[in-house]
There are 2 protein chains.
Amino acid sequence: MTALHLNELSNQTWKLFLTTHVMVIEQIERDLAAANLPPLSWYGVLWTLEKAPDHEMRLHELAEQVLLSRSNITRLIDRLEEAELLCRKRCPRDRRGAYAVLTEAGLAMRQQMWAIYSQGIARYFAKQLNAEEMNTLNQAFQQILAAVKETPVAALGE
Amino acid sequence: MTALHLNELSNQTWKLFLTTHVMVIEQIERDLAAANLPPLSWYGVLWTLEKAPDHEMRLHELAEQVLLSRSNITRLIDRLEEAELLCRKRCPRDRRGAYAVLTEAGLAMRQQMWAIYSQGIARYFAKQLNAEEMNTLNQAFQQILAAVKETPVAALGE
DNA sequence: TCAAAGTAGTTGCATTTGCAACGAAAAGGA
DNA sequence: TCCTTTTCGTTGCAAATGCAACTACTTTGA
């Protein structure tokens with residue numbers, strides 16, 4: 001019966017996890033929109049590129065890092081290129097391939113977005129937790145992530 | 001300098017939060033799809049209705065509980081009604097209003113989905129955490145949620 | 001009582017997503 | 001070498017989402 005209670009706690013915590021995620025993300029999106037800034041999905045791309053050597057990265061690599069499908073990254077890059085925050089560059093080594101290269105405007109935009117975004121993270125997330133709780137969450141997420149990554153592509157029914 | 005470290009930890013934890021969310025959700029969606037079951041979004045509606053008195057609920061109430069916009073709930077209900085998992089019922093007291101009412105098939109489907117879904121929650125989430133960690137997460141999410149809910153609709157720049 | 005304001009649910013439209021298929025190019029293997 | 005398989009990025013198409021407008025109805029309050 002301890003098991004039952006633990007299970008109920010787990011399910012409740014899972015639901016809180018989902019709820020917290022939507023609520024916080026929606027709030028941050030509202031904050032960004034109110035500042036006339038692009039949505040959160042753009043930030044991931046800009047930041048990943050900024051960290052990459054020469055501010056450039058192959059599209060499939062980018063897709064992998066920001067957890068988007070290939071087709072999805074193609075169109076997201078389309079929009080960012082349209083907004084001149086990055087540009088495409090052909091790959092000399094692999095004639096199928098392309099790089100996304102961050103522009104100056106892209107770099108500046110990343111910083112503008114971070115001003116708002118970091119405020120949101122601080123206000124809605126970080127300030128609500130003490131150091132010990134933060135450490136526990138960090139560790140917990142790493143454990144969960146490891147478990148999901150170990151899951152084989154088709155591992156049902158067992 | 002402790003402040004710096006704490007901040008870095010916070011940002012890393014935030015990123016882990018985002019990554020964990022997509023990875024686990026995508027995995028559970030794959031599990032559901034592999035069992036020929038509907039997506040996770042359907043589950044929330046079915047479960048909320050099942051808990052409600054007489055297995056019925058006003059649409060705007062439902063929207064609020066499953067965290068969807070009104071227009072969004074309309075179309076989601078459309079799909080569920082199309083699949084005969086629920087049906088609409090006019091509200092006698094308020095002639096603008098409508099109820100969503102769970103059907104037998106809807107009840108059965110909720111249970112089928114739960115068989116897979118609960119397995120996912122257990123495997124990818126609950127089993128990765130001990131009781132203490134689970135308690136900390138539960139508490140942490142409640143704190144965060146409270147903070148977001150307290151945030152006024154337009155509260156930028158301060 | 002009656003006009004103004006608010007609320008419930010739906011709809012149109014533009015944007016975004018997900019899936020499968022495609023052409024082009026590279027990699028692997030007999 | 002030559003044929004098969006894999007990978008890269010894109011595209012078409014259907015489905016889902018978000019926003020604003022709309023109809024119908026209720027509530028408010030002068």
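Just so you know, these numbers use all the heavy atoms, side chains as well, and skip hydrogens, waters and symmetry mates. The sequence lines fix the lettering, A, B, ..., with proteins before strands; numbering per chain opens at 1.
With B:Gln143 contributing its side chain and A:Gln128 its backbone, the two residues share a donor-acceptor pair below 3.5 Å.
Counting to the nearest Å, the P atom of C:dT16 and the CD1 atom of A:Ile73 are 14 Å from each other. In this entry the distance linking CG of B:Asp94 with P of C:dT10 reads 13 Å, nearest Å.
Remark: A:Arg79 is in phosphate contact with C:dT16, judged by side-chain N or O atoms under 4.0 Å from OP1 or OP2. A sub-4.0 Å separation between OP1 or OP2 of C:dG9 and a side-chain N or O of B:Arg58 is present. OP1 or OP2 of C:dT10 lies within a sub-4.0 Å distance of a side-chain N or O belonging to B:Arg88.
Side-chain contact between B:Met23 and A:Leu67 is present, with heavy atoms from C-beta onward closer than 4.5 Å.
Across all strands shown, A:Arg70 has heavy atoms under 4.0 Å from base atoms, whether or not it also approaches the sugar-phosphate. Contacts of A:Ser69 with the nucleic acid, taken as non-hydrogen atoms under 4.0 Å apart, are absent. Within the nucleic acid shown, B:Ser71 comes within 4.0 Å of at least one base atom, counting heavy atoms only.
A donor and an acceptor atom, one from each side chain of A:Trp14 and B:Tyr124, are nowhere located under 3.5 Å apart.
In terms of position along DNA chain D, the nucleotide closest to A:Asp78 lies nearer the 5' end than the nucleotide closest to the other residue of the pair A:Asp78 and A:Glu26.
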